[in-house]
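Data block below; observations after.
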Amino acid sequence: MTLIPIYVFLLLYYRTMLLHFVVVLFSEKHTERVREVLGEVKVVIQSYMVGLLIETSCVAALNSIGLLILNVQYAVLLGIMAAILNLIPYIGGLVATLLTVLITFSNNPELSVILGVVGIFLLVQFIDNNVFVPLIVASKVQVNALVSIVGVLIGGALAGVSGMFLSIPAIAIMKVIFDRVDSLRPWGVLLGDQTPEDKGSSLFRLPRRRKKAKAVEE
């Protein structure tokens, strides 16, 4: 936690040099395409941050509404705090639940209220992991829900909490690169959120039409 601000500062300070390095890494005939990819990566990262902001707002609203229904003291503050901690996958939700339970218990030690708080946080976590993250965060970076969920699991297995947090933007950056490289374009289609039906493709309708035509001939 102490070194992260230093890393961020140095990356921002040397960002021009890093971008120049990426451009000169390829031959001059690919310069224009590399610049386009870097521009798209910038848009993807910005969209991801917007998606995180929307997700956090939705989680904070659900937490606050649930705690207000239970008449928990400092309900809105606890709901917002839990939503911010929720940015840390798994661990953040657990810490937010424990902290809220302790504060609630100190003000209202009734067992029903404590169980209600735990139930609300579990429900919000379920909705967040299965609805908000795939549909809000992943959709902002145009990555389908299946890939985003699998990516979070793989990122957690490889690099822990930081891997889970960075998995979706990393997949989105990979998709941008795949879409720009002809040999890797099929992988970009696999990571994307647009199905052949969305594009108006009749690829999967041809066999059915052939079967109908054959039946007519018989």
Side-chain angles (χ1 to χ4, degrees), residues 1-15 17-19 21-23 25-26 34 36-56 58-59 81-99 121-122 124-195:
M1 293 300 294
T2 305
L3 293 175
I4 286 177
I6 299 176
Y7 294 150
V8 172
F9 172 78
L10 291 176
L11 287 173
L12 292 176
Y13 184 77
Y14 291 113
R15 66 185 183 278
M17 181 187 69
L18 295 174
L19 292 174
F21 164 74
V22 175
V23 172
L25 189 63
F26 300 89
V34 172
E36 291 178 1
V37 171
L38 291 176
E40 291 184 13
V41 168
K42 178 182 178 181
V43 173
V44 164
I45 298 301
Q46 291 176 343
S47 298
Y48 176 70
M49 298 305 296
V50 171
L52 277 184
L53 180 61
I54 296 174
E55 179 215 0
T56 303
C58 293
V59 172
M81 180 185 64
I84 295 174
L85 290 174
N86 188 61
L87 293 175
I88 305 174
Y90 300 127
I91 297 178
L94 180 61
V95 172
T97 302
L98 292 177
L99 187 60
F121 275 79
L122 290 177
V124 172
Q125 282 290 316
F126 178 82
I127 296 174
D128 179 49
N129 294 331
N130 294 278
V131 178
F132 292 158
V133 172
L135 296 182
I136 297 178
V137 179
S139 64
K140 287 293 183 181
V141 294
Q142 296 182 345
V143 175
N144 67 70
L146 175 62
V147 171
S148 66
I149 294 174
V150 174
V152 169
L153 295 176
I154 295 176
L158 294 177
V161 175
S162 58
M164 289 185 286
F165 184 77
L166 297 174
S167 59
I168 293 180
I171 293 173
I173 293 173
M174 291 170 58
K175 182 183 181 304
V176 171
I177 297 173
F178 291 165
D179 289 341
R180 288 290 180 175
V181 180
D182 294 336
S183 60
L184 299 177
R185 193 164 295 170
W187 294 99
V189 174
L190 179 64
L191 299 181
D193 60 350
Q194 192 172 29
T195 63

* **For the student: nearest non-hydrogen atoms of Gly151 and Ser167, plus distance** =>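 Shortest heavy-atom separation between Gly151 and Ser167 comes out as O-CB, 3.3 Å.
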
* To do: Could you pull out the closest heavy-atom pair between Pro169 and Tyr48, with the gap in Å?
  =>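 Minimum heavy-atom contact is CD-CZ, 3.5 Å.
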
* To do: Using the side chain to side chain contact (heavy atoms under 4.5 Å, CB included) rule, take Val23 and Leu38 through it: C-alpha gap first, then chi angles, then the decisive distance, then the call.
  => CA-CA 9 Å; Val23 172; Leu38 291 176; 4.0 Å; yes

* Could you tell me the separation between the CG atom of Leu158 and the CG atom of Leu153, rounded to the nearest 0.5 Å? => 11.0 Å

* Asked: Measuring from Ile173:CD1 to Lys42:NZ, what's the distance to the nearest 0.5 Å?
  ->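 So the CD1 of Ile173 and the NZ of Lys42 are separated by 14.0 Å.
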
Partners of [X] by side-chain contact (heavy atoms from CB on, under 4.5 Å), sequence neighbours excluded?
X	answer
Leu99	Met81, Ile103
Leu146	Asn144, Val150
Leu98	Leu94

* Only pairs at least two apart or in different chains count here, so list each side chain to side chain donor-acceptor pair (under 3.5 Å) that has a residue in residues 6-15. =>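 Every pair satisfying side chain to side chain donor-acceptor pair (under 3.5 Å) with a residue in residues 6-15: there are none.
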
* To do: Using side chain to side chain donor-acceptor pair (under 3.5 Å) as the criterion, list what pairs up with Arg180, not counting sequence neighbours.
  => Glu36, Glu40

* Would you say the side chain of Val59 lies within less than 4.5 Å of the side chain of Ile127, judging by non-hydrogen atoms? ->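 They are not in contact (no side-chain heavy atoms under 4.5 Å apart), so the answer is no.
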
* Any side-chain heavy-atom pair of Val152 and Ile168 under 4.5 Å ->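 Of all side-chain heavy-atom pairs linking Ile168 with Val152, at least one is under 4.5 Å.
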
* Asked: Quick one: does Asp128's side chain have a donor or acceptor within less than 3.5 Å of a partner on Val124's backbone?
  ->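 No.
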
Output side-chain donor-acceptor pairs under 3.5 Å for residues 181-191, partner residues at least two apart or in another chain, one line each.
from: Asp182; atom 1: OD1; to: Arg185; atom 2: NH2; distance (Å): 2.7
from: Arg185; atom 1: NE; to: Asp179; atom 2: O; distance (Å): 3.4

